[in-house]
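First comes the structure, then the notes that go with it.
Side chains are part of it too, since the values below use all heavy atoms of this structure and drop only hydrogens, waters and symmetry mates. Residues take their numbers from the sequence shown, with the count starting at 1. Nothing here was measured: the structure is a model prediction, and the numbers come from that model.
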Amino acid sequence: MMCAFALVMLLATGTTVSAQSGGLRLDPIPEAPRDGEELAPADWLGGAPAAQDETGAGRAFVDVVTTRTTGFVGEVLALEVRFGLDVQFLAGESIPLFRRKLDVPVAVAAEWLEDFESIELTQAFAEPSHTESVTCARNGRVARARRLPDRVVNGRTFRVYALDVRRIAHEPGALRLAAPRVVYARGAAFTDDFVNGRVATERVDAYVAGRDVEFAIEALPEAGRPPEFSGAVGRFEMDARCDVQDEPGGTRARLELVLHGDGDLSRALAPDAAQFPGFRVDGVLDDHGHARRRILLDLVRTRPSTPRVPAVAFHFFDPTPPGRYAVARSERVDLPIADSPSAG
């Protein structure tokens, strides 16, 4: 027989002990689910066809929350899929939806949540810190949601969470997003098990549905559009740093530009040689980041009379209603008065 001390040591070393015929079985404690880990097939969008529609039953709710339902082509639209679960339901009826244990045993399900670009933008602009987040499922994958304050509805207390989502529209017109669902499993009957405690003997898969949401997407205005417009839509700032060195081949300036803001920068036009008269562009490094984009330009002065690295202008469209074109500029950088005689 295993002594009590040995049993305590097994538990302390990360091993679960469960009873079986003929003695004890030692199983590793399962690791916490990883962000993005697959819990169900990729096309899983809300459970089996037999899942019951329990919208209005009071066990859960789901809504799409957004500050406005208008936007512009190319604008990153912020959405919050907000869902709640009745605390008595969580304590008494809720059972795991998947084999993997999640902090909140539900899946937020909608086909548009699987859009690759939407997932990428969400990670860039809305990734919650682990200190304020809980694990749930986004369709069939592990995702993180933010915990919000509890809500009392008709005398019932709900645990409330928010799944942040970012979308972008590339064409004007109506952007329709089908109603999301919160999918869960509940026990319809339970029994008391000596090892595992209270165990469901009958399982019911169910969901509650929210409402469709529609955005009216406008084309970017032609009036006031500068010829140098980069194509970026959002609110941006630019930081710049320039290192200047005199070399035998001429004065070299290594210009670092960092663009950052709340719009997608990855497809915007970057500064090119046309913005640097009197210089040769020997190389460009560009990480094409979404929320923060870093561009390094290796410039060599070709005319000794060129007195400075010019200020760089980044033209963008600010979608804050009513919307306007704006520009962020770097500072110009003065150079030594003349190059060495060998400069070309």
Item to check | Where Gly71 and Leu77 come nearest, the two heavy atoms and their spacing | outcome: CA-CD2, 4.2 Å
Checklist entry - So, do Asp164 and Phe125 sit near enough that their side-chain heavy atoms are less than 4.5 Å apart? => result no
Checklist entry - Passes side-chain contact (heavy atoms from CB on, under 4.5 Å), Phe314 versus Val327? Steps please. => result CA-CA 5 Å; Phe314 182 75; Val327 61; 5.6 Å; no
Next on the checklist: In the structure I gave you, are the side-chain heavy atoms of Leu297 and Phe276 within less than 4.5 Å of one another anywhere?
Outcome noted: yes
Checklist entry - Is it the case that more than 12 heavy atoms not belonging to Glu111 sit under 6.0 Å from its CD atom? => result no
Checklist entry - Counting N and O atoms only, with roles assigned by atom type, does the side chain of Arg308 sit under 3.5 Å from a partner on the main chain of Pro310, one being a donor and the other an acceptor? => result no
Checklist entry - Below 4.0 angstrom, N of the basic side chain to O of the carboxylate: do Asp35 and Arg144 qualify? => result yes
Next on the checklist: So does His315 get a backbone contact from the side chain of Ser230, meaning a donor-acceptor N/O pair under 3.5 Å?
Outcome noted: yes
Next on the checklist: Do the side chains of Asp86 and Arg156 get close enough for a salt bridge, i.e. N-O under 4.0 angstrom?
Outcome noted: yes
Checklist entry - Hey, mind stepping through Val333 and Val244 against side-chain contact (heavy atoms from CB on, under 4.5 Å) and telling me if it holds? => result CA-CA 9 Å; Val333 179; Val244 179; 4.2 Å; yes
Checklist entry - So, the side chain of Arg146 versus the backbone of Ser133: is there a donor-acceptor pair under 3.5 Å, distance only? => result no
Item to check | Interatomic spacing from OG1 in Thr66 to CG in Leu79 - rounded to 0.5 Å | outcome: 5.0 Å
Next on the checklist: Is there a side-chain contact between Leu296 and Val284 in this structure, where contact means two heavy atoms from C-beta onward sitting under 4.5 Å apart?
Outcome noted: no
Next on the checklist: If you define the side chain from C-beta out and look only at heavy atoms, does anything of Cys136 sit under 4.5 Å from Phe83?
Outcome noted: yes
Item to check | Residues Val106, Leu85; criterion side-chain contact (heavy atoms from CB on, under 4.5 Å); working and verdict | outcome: CA-CA 9 Å; Val106 303; Leu85 298 157; 3.7 Å; yes
Item to check | Exercise: do Asp246 and Thr251 side chains pair donor with acceptor under 3.5 Å | outcome: yes
Checklist entry - Is there side-chain contact between Tyr184 and Tyr207, with heavy atoms separated by less than 4.5 Å? => result no
Item to check | Test item: Glu37 side-chain N/O and Arg34 main-chain N/O as donor-acceptor pair under 3.5 Å | outcome: yes
Item to check | Shared hydrophobic cluster, Phe72 / Leu175 (ILVMFWY, side-chain heavy atoms < 4.5 Å) | outcome: no
Next on the checklist: side-chain contact (heavy atoms from CB on, under 4.5 Å), that's the test. Do Val108 and Arg138 meet it? Break it down for me.
Outcome noted: CA-CA 5 Å; Val108 180; Arg138 186 197 70 243; 5.7 Å; no
Item to check | Nearest non-hydrogen partners of Leu90 and Pro105, listed with the distance | outcome: CD2-CD, 4.4 Å
Checklist entry - Below 4.0 angstrom, N of the basic side chain to O of the carboxylate: do Asp243 and Arg252 qualify? => result no
Item to check | Check: Thr69 side chain, Phe215 main-chain N or O, donor-acceptor pair, under 3.5 Å | outcome: no
Checklist entry - Should the pair Glu54-Arg186 be classified as a salt bridge under the 4.0 Å nitrogen-to-oxygen rule? => result yes
Checklist entry - With a cutoff of under 4.5 Å between side-chain heavy atoms, which Ile, Leu, Val, Met, Phe, Trp and Tyr residues group with Val160? => result Phe61, Leu148, Val153, Phe158
Checklist entry - Is the CZ atom of Arg324 crowded by more than 12 outside heavy atoms at less than 6.0 Å? => result no
Item to check | Backbone N/O of Val65 and side chain of Asp63: donor-acceptor pair under 3.5 Å | outcome: no
Item to check | Nearest heavy-atom neighbours spanning Asp286 and Ala270 | outcome: OD2-CB, 4.0 Å
Next on the checklist: Using the rule given for salt bridge (charged side-chain N to carboxylate O under 4.0 Å, His left out), can you reason through Arg68 versus Glu218, listing the C-alpha separation, both sets of side-chain angles and the distance that settles it, and then say yes or no?
Outcome noted: CA-CA 13 Å; Arg68 57 192 176 95; Glu218 299 180 37; over 6 Å; no
Checklist entry - About how many Å separate CG of Leu259 and CD1 of Ile295, when rounded to the nearest 0.5 Å? => result 5.5 Å
Checklist entry - Within the distance-only criterion (no hydrogens, no angle test), does the side chain of Asn139 pair as donor or acceptor with the backbone N or O of Ala110 below 3.5 angstrom? => result yes
Checklist entry - Do you reckon Val258 sits in the same ILVMFWY cluster as Val309, going by side-chain contacts under 4.5 Å, direct or chained? => result no
Item to check | Polar side-chain atom of Asp103 near backbone of Thr135 as donor-acceptor pair, under 3.5 Å | outcome: yes
Next on the checklist: Rounded to the nearest 0.5 Å, what separates atom CG in Leu113 from atom CD1 in Ile119?
Outcome noted: 8.0 Å
Next on the checklist: Between the side chains of Arg176 and Glu214, is the shortest nitrogen-to-carboxylate-oxygen separation below 4.0 Å, so that they form an ion pair?
Outcome noted: yes
Item to check | Atom pair OG (Ser266) and CD (Glu117), whose distance is rounded to the nearest 0.5 Å | outcome: 7.5 Å
Checklist outcome for this item: Heavy-atom closest pair (Val73 atom, Ala219 atom, distance to 0.1 Å) is CG2-CA, 4.1 Å
Next on the checklist: Looking at Asp239 and Arg241, is there a salt bridge between them, counting it only when a charged N and a carboxylate O are closer than 4.0 Å?
Outcome noted: no
Next on the checklist: Consider side chain to side chain contact (heavy atoms under 4.5 Å, CB included). Of Thr302, Leu255, Asp298, Thr306, which one does Phe279 pass it with?
Outcome noted: Thr306
Checklist entry - With a 4.5 Å heavy-atom cut-off, do Asp282 and Leu299 have their side chains touching? => result no
Next on the checklist: I'd like to know if Phe98 and Val183 are part of one continuous hydrophobic network [Ile/Leu/Val/Met/Phe/Trp/Tyr, side-chain heavy atoms within less than 4.5 Å].
Outcome noted: yes
Item to check | Pair Phe229-Tyr325, ring-ring contact (aromatic ring centres under 6.0 Å, His included): steps then yes or no | outcome: CA-CA 8 Å; Phe229 175 51; Tyr325 289 97; 5.3 Å; yes
Next on the checklist: Same cluster or not: Leu335 versus Val300, using hydrophobic residues (I, L, V, M, F, W, Y) connected whenever any side-chain heavy atoms lie under 4.5 Å apart?
Outcome noted: no
Checklist entry - Arg166 and Gln123: side-chain donor and acceptor closer than 3.5 Å? => result no
Next on the checklist: Quick test of your reading of the model: are Glu75 and Arg235 salt-bridged, counting only N-O distances below 4.0 Å?
Outcome noted: no
Checklist entry - Below 4.5 Å, heavy atoms only, C-beta onward: do Val64 and Pro180 meet side chain to side chain? => result yes
Checklist entry - Does Leu121 offer a backbone N or O that forms a donor-acceptor pair with the side chain of Arg167 under 3.5 Å? => result no
Checklist entry - Take atom CD in Glu228; do more than 12 heavy atoms of anything else shown fall under 6.0 Å from it? => result yes
Checklist outcome for this item: Tightest non-hydrogen contact, residues Ser118 and Val165, listed as OG-CG1, 3.7 Å
Checklist entry - Got a salt bridge between Asp150 and Arg159, using NZ or NE/NH1/NH2 to carboxylate O under 4.0 Å? => result yes
Item to check | Donor-acceptor contact below 3.5 Å, side chain Arg225 vs main chain Leu220 | outcome: yes
Checklist outcome for this item: All heavy atoms of Leu39 vs all of Ala137, minimum pair found to be CD1-CB, 3.8 Å
Next on the checklist: In the structure I gave you, are the side-chain heavy atoms of Ile95 and Arg203 within less than 4.5 Å of one another anywhere?
Outcome noted: yes
Item to check | Value rounded to 0.5 Å, distance of NE2 in His290 from CZ in Arg267 | outcome: 8.5 Å
Next on the checklist: Between Met238 and Phe236, is there shared hydrophobic-cluster membership here, with clusters defined by ILVMFWY side-chain heavy atoms closer than 4.5 Å?
Outcome noted: yes
